[in-house]
Amino acid sequence: MSTHSSSPVGRQRPRRLRQTAALRDLVAETRLHPSQFVMPHFVLPDDAAEETIASMPGIGRQGVTPLLRTIEGDLKLGIRAVLLFGVPAAGTKDAAGSPAYDAKGTVPRAVSALKRAFGPDLVVITDVCLCAYTNHGHCGVLVDGYVDNDLSLEPLTRMAVAHAAAGADLVGPSDMMDGRIAALRDGLDAAGHVRTGIMSYSVKYASSYYGPFRDAADSSPQHGDRRSYQMDLRNAGEGEREALLDAAEGADILMVKPALAYLDVISRVRAVSTLPLAAYNVSGEYSMVKAAAANGWVDERLVVRENLHAIARAGADILITYHAREALREGWL
Ligand code: PBG
Ligand code: ZN
């Protein structure tokens, strides 16, 4: 017989609050809402085009016409923010990445179409980086094979201004050049875009989890890798420094990328800044779940729910994830 006084268990019994779903929901510390999600999109230069991406089941590359339909459907699920990656017209990539700042390029045209169709109901965020637009696939301008920091700031700023002029709500620099937030902020302000915000990829690691994305965006470096500008995966304190620098330079939203392999970094950045914090659940993290689920090795619904809550529990306010549409449509959260 077990009475309170003779039981080895004290008065605190954490299991009391786990007895029913209603009790568990009542005391849940982390809740996900559709308005926290950002759905990424790969935009093709040909308006009518639509392609699949072999390494990212469920995610496609679309021209403006099918893109509008897709986003209209996502809005009905409650997804109110998109992140756009552009694919330039065939044969236009050059050493300077000049199609990146073409005012009539893939992304500016998509942004104007989305703003015309959905106005303030949709938050349009654009990725600002040169790698999909340079013939060498690096995120900045090369001088003797090295990505020159300061020379890269001008084309990146022009790209951000082109996106802002088309109506982007937020620009998202993902290049990892030093001083880029200050350069973009000054450039946007000088062009009259004081109301366009910056969601900075502040803490972006040189990660092997970007593989499927580079197929989708056709943005692989043609030589070398990105370790001279993206962060070393061994460092977390440096992540705090990068985040604080971007905050001081005028970023409106900070980001940690990738998300799942860097939950410690999310929680450290959360602790040192009160700015809104985004986490990017990247392509490789997505594709691994899809592959394991397709093989029947994990239950996709439960694993996606667990991963997305982990990212929020670590401290992210905003979740950029390829799972967004399916998770909301299927009620996985
Ligand atoms: C471009 C960029 C990359 C991603 C977002 N912006 C790739 C890279 O830096 O090589 C990765 C996103 C993903 O893997 O889902 N700089
Ligand atoms: Zn890049």
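Every number for a ligand or one of its atoms is a count from 1 in the order of the listing. Treat the numbers as computed from the prediction; the structure is a model and nothing was measured.
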Legend entry - Centroid-centroid distance, His41 to Phe85, less than 6.0 Å: no

Inset, instruction - Identify which of Lys257, Arg214, Arg226 has a heavy atom lying nearest to atom 5 (C) of ligand 1. - result: Lys257

Inset, instruction - Using distance alone, with no hydrogens and no angle criterion, decide if Ser207 and Gln230 have a side-chain donor and acceptor under 3.5 Å apart. - result: no

Legend entry - For Leu233 against Tyr262, the heavy-atom pair lying closest together: CB-OH, 3.4 Å

Legend entry - Protein heavy atom at shortest distance from atom 14 (O) of ligand 1: Ser283 OG, 2.7 Å

Inset, instruction - Could you tell me the residue and atom name of the protein heavy atom closest to atom 12 (C) of ligand 1, and the distance to it rounded to 0.1 Å? - result: Phe213 CD1, 3.4 Å

Inset, instruction - Tell me which part of Cys131 gets within contact of ligand 1: side chain, backbone, both or neither, using heavy atoms under 4.0 Å. - result: side chain

Inset, instruction - Go through ligand 1 atom by atom and flag the ones less than 4.0 Å from a non-hydrogen atom of Tyr280. - result: 12 (C), 15 (O)

Legend entry - Hydrophobic cluster identity match, Val38 and Val256, side-chain contacts under 4.5 Å: yes

Legend entry - Criterion salt bridge (Lys or Arg N to Asp or Glu O under 4.0 Å) on Arg234 and Asp232, from CA distance to verdict: CA-CA 5 Å; Arg234 293 170 291 190; Asp232 191 306; 2.8 Å; yes

Legend entry - Within-4.5 Å side-chain heavy-atom neighbours: Asp169 and Thr196: no

Inset, instruction - Run the contact test for Glu285 against ligand 1 with a 4.0 Å cut-off on heavy atoms, strictly below, and give the result. - result: no

Legend entry - Test of proximity, Ser219 against ligand 1: N or O pairs below 3.5 Å: no

Inset, instruction - Return the number of protein N, O or S atoms with a distance to the Zn ion (ligand 2) smaller than 2.8 Å. - result: 3

Inset, instruction - Tell me yes or no: between the side chains of His323 and Thr321, is some donor less than 3.5 Å from an acceptor? - result: no

Inset, instruction - Before accepting this row, confirm whether a basic side-chain N of the pair Lys290/Glu300 lies closer than 4.0 Å to the acidic partner's carboxylate O. - result: yes

Inset, instruction - Could you see which bit of Phe85 sits under 4.0 Å from ligand 1, with heavy atoms only: side chain, backbone, both or neither? - result: side chain

Legend entry - Close side-chain approach of Met159 to Tyr133, heavy-atom, < 4.5 Å: yes

Legend entry - Check: Ile253 and Leu275 side chains under 4.5 Å, non-hydrogen atoms: no

Legend entry - Per-atom contacts, ligand 1 versus Lys204 - under 4.0 Å to a heavy atom: 1 (C), 2 (C), 3 (C), 6 (N), 8 (C), 9 (O), 16 (N)

Legend entry - Set of residues satisfying side-chain hydrogen bond (donor to acceptor under 3.5 Å, both in side chains) with respect to Arg214, sequence neighbours excluded: none

Legend entry - Protein heavy-atom partner closest to atom 15 (O) of ligand 1 - residue, atom, separation in Å: Tyr322 OH, 2.6 Å

Inset, instruction - Verify, without hydrogens or angle tests, whether His136 (side chain) and His138 (backbone) share a donor-acceptor contact under 3.5 angstrom. - result: yes

Inset, instruction - Mark up the atoms of ligand 1 that fall under 4.0 Å of a heavy atom belonging to Cys129, in ascending order. - result: 16 (N)

Inset, instruction - Record the part of Asp127 in heavy-atom contact with ligand 1 below 4.0 Å; permitted values are side chain, backbone, both and neither. - result: side chain

